Every structure is written in structure tokens, then in C-alpha cells.
Amino acid sequence: MLKPKAISQVLKQATTGGVKATLLLNSEGSPLAFISDSDRDARVYAAIASNIWSTFEKNGKNLMRDDNLKFLLVECEKGNVAITTVSNMLLCLVAKPEVELGILKAKTDALARHLEEPFQRMTTYTQT
Amino acid sequence: MGEELQTYFNKLLTRIDGLKAVTVTDGDGVILIKSVSNDVSPRVLEPALSTTFSVVSDQASKLGLKKNKSIVSLFGLFQIVQFNHTPLITTLVADSGSNTGVLLDLGNELKEVTDIIASALSERQVIV
């Protein structure tokens, strides 16, 4: 059984060193678990991140010979956003501009790897 | 001037390891200058790539992190780095294993070139 409290604790561990928010969301953009200073910000990040992901995913299918989208890095003036997939969900990290893009990607990849196996098991369980 | 620019863009493909295509388009996806390697699908030149970025960049600017500067999308075989050089869009298509940092740094260099193109375009619009 998946413990929601444990998910939040894992996300909290990643929300350090300049990372402002860490979110786990479904493909429709609804947050499943998140750590953020404000709930409102988290919902805005979730909605926009999922929209950006699905738009680029469609692009990949149409223009890049059915190539699968693996990672997105959105660089803005006052912060950066990293998005990747975990099982059939999206993982999104929002960081301050001081956080180097390489460390943000490494953190996102490490967190995705950590969450992949338990979420994969949950997906298999819900499908059977 | 046009020939010099084209030579500069052609040289970029040999200078940057793994770089397959460079395009500068307007917000509607109309190509102003391009340089494409022979071993990449011509579909990367489709306007959809730039128009999608134009829409997504506007959305990303609503994250509450000020204006969007660039988006890196990493696929299985390729990576696409797109820059918001308002009013123009610069797109780099490279192998997925290429150095993303080098490509992002190239964006700063290309900003100076796109500024020249943008000012030439605005002057022309005033004359017309």
C-alpha cells in the first residue's frame, strides 16, 4: 500500500537548496502531492507544467518520428522549472534562478528514479 | 550581410558537436534563416515547432517567474533548445547526447545576431 505521508516526505527532501516547490501531478494537471510555500502557486505550477508537457509530447509524436519526450527544462527570468515523468504521472521541480540547471536536472532524475518503482507497482495494481 | 549570416549559421553546425539544425523564425513560424544537417528529418523545419514554442513560452511566462527565456525538451534521440528572442524564435536541434550547457550558451551568442535581424525587420516595416 502506498503511504501518502511518505510521498510528501520524499518530496520535502528534494525541496532544499534553492528548490521552491516539488510537485507530483497527474497528466490532467491535478496535483497529487506537493511541497510548496503556497497552495495557490502549486496549483498554477501544476496546471501550466502539465499543459507545457502535453504540448511538447504531441510535438514529439508528430515531428520527431514518434520520439518520446523524456525531460523538459523551462528557464525563466526569476526561476527554472524541470519536468519529467514518473510512471504515468509528472514530477515537477520549481527552483530559484541561482540553482544551476545541471543540479536541478540531477535532482529531478534522482527523485524520479526513487519514485518510479513504487508508482509502477501501484499502476500495475490499479490496472489488474 | 545575408550571405555572411548564412555562412555563420552553417559554421555553427560544424563548430558545435551534435548540432543538427539551427533556425530563426518569427512568431508565426516563418523561417528567416536556417542551417540544417543532411542527416536530420526535414520535418524539424515545420512551422509547428516554432508556433508551439510561441504559445508555450507565453504560458510559461504566467508561472509567476517573470518572462520565459528558453525551453529545453529532451527526447530519446534528439534535444530541442528554443530561445525566446522576442520578436524572433531561435531553435536548435541536436543529438540527445549533446552538451546542453553549450547549446544554452550558444543562445546568448545568437541573441546578438537575432537582435540585428529584428532591428532590420522593424526598419523595413517602418519604410513599408
Side-chain angles (χ1 to χ4, degrees), chain A residues 20-21 23 29 36-38 40-85 92-97 99-106 108-109 112, chain B residues 20-21 23 29 39-86 90-97 99-105 107-108 111:
Chain A
K20 294 199 292 183
L23 306 96
S36 172
D37 290 342
S38 100
R40 191 182 167 276
D41 283 352
R43 276 171 229 288
V44 171
Y45 295 148
I48 296 179
S50 75
N51 206 355
I52 293 175
W53 182 273
S54 59
T55 308
F56 273 97
E57 200 175 35
K58 265 182 224 155
N59 238 0
K61 285 193 177 119
N62 294 335
L63 304 175
M64 311 297 286
R65 301 182 212 147
D66 284 332
D67 209 353
N68 282 332
L69 182 59
K70 300 208 184 284
F71 188 83
L72 266 181
L73 200 55
V74 182
E75 195 185 7
C76 298
E77 283 173 351
K78 293 280 176 182
N80 303 314
V81 183
I83 313 164
T84 192
T85 50
C92 171
L93 269 79
V94 183
K96 290 178 184 173
V99 180
E100 296 297 339
L101 297 176
I103 199 79
L104 183 61
K105 184 177 188 300
T108 311
D109 285 342
Chain B
K20 300 287 178 196
T23 61
D39 55 346
V40 72
S41 162
R43 298 200 75 183
V44 298
L45 296 175
E46 283 191 19
L49 207 60
S50 295
T51 50
T52 305
F53 174 76
S54 181
V55 173
V56 165
S57 185
D58 280 347
Q59 281 180 2
S61 299
K62 289 169 188 162
L63 278 163
L65 305 170
K66 296 274 175 82
K67 197 182 149 199
N68 173 245
K69 291 198 287 183
S70 67
I71 296 180
V72 180
S73 41
L74 190 64
F75 294 86
L77 298 170
F78 296 102
Q79 61 177 308
I80 303 174
V81 185
Q82 291 174 295
F83 300 95
N84 185 1
H85 290 159
T86 316
T90 307
T91 303
L92 309 177
V93 181
D95 287 334
S96 60
N99 191 322
T100 312
V102 170
L103 297 173
L104 284 169
D105 190 50
N108 300 328
K111 176 82 172 79

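From a predicted model like this one, the values you see are computed outputs, not experimental measurements. The sequence lines fix the lettering, A, B, ..., with proteins before strands; numbering per chain opens at 1.
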Reference residue B/F83; test side chain to side chain contact (heavy atoms under 4.5 Å, CB included); the match among B/N68, B/L92, B/I71: B/L92
Under 4.5 Å from a heavy atom of chain B, the part of A/K20 involved: side chain
Side chain / backbone / both / neither for A/K96 at chain B, heavy atoms under 4.5 Å: neither
Pick from A/L69, A/V74, A/I83 with the largest number of heavy-atom pairs that fall under 4.5 Å of chain B: A/L69
Interchain contact, B/L104 with chain A, by part (heavy-atom threshold 4.5 Å): side chain
Side-chain (B/T51) to main-chain (B/A48) donor-acceptor, under 3.5 angstrom: yes
Largest heavy-atom contact set with chain B, pairs under 4.5 Å, which of A/I52, A/N80, A/V44: A/I52
Residues A/D109, A/K105: salt bridge by 4.0 Å N-O rule: yes
Polar side chain donor-acceptor pair, A/D41 to A/S36, under 3.5 angstrom: no
CD (A/E100) with more than 12 external heavy atoms under 6.0 Å: no
Side chain, backbone, both or neither of A/L101 within contact of chain B (heavy atoms, under 4.5 Å): side chain
Heavy-atom donor-acceptor pair, B/N99 side chain to B/G101 backbone, under 3.5 Å: yes
Proximal component of B/Q79, with respect to chain A [non-hydrogen, under 4.5 Å]: neither
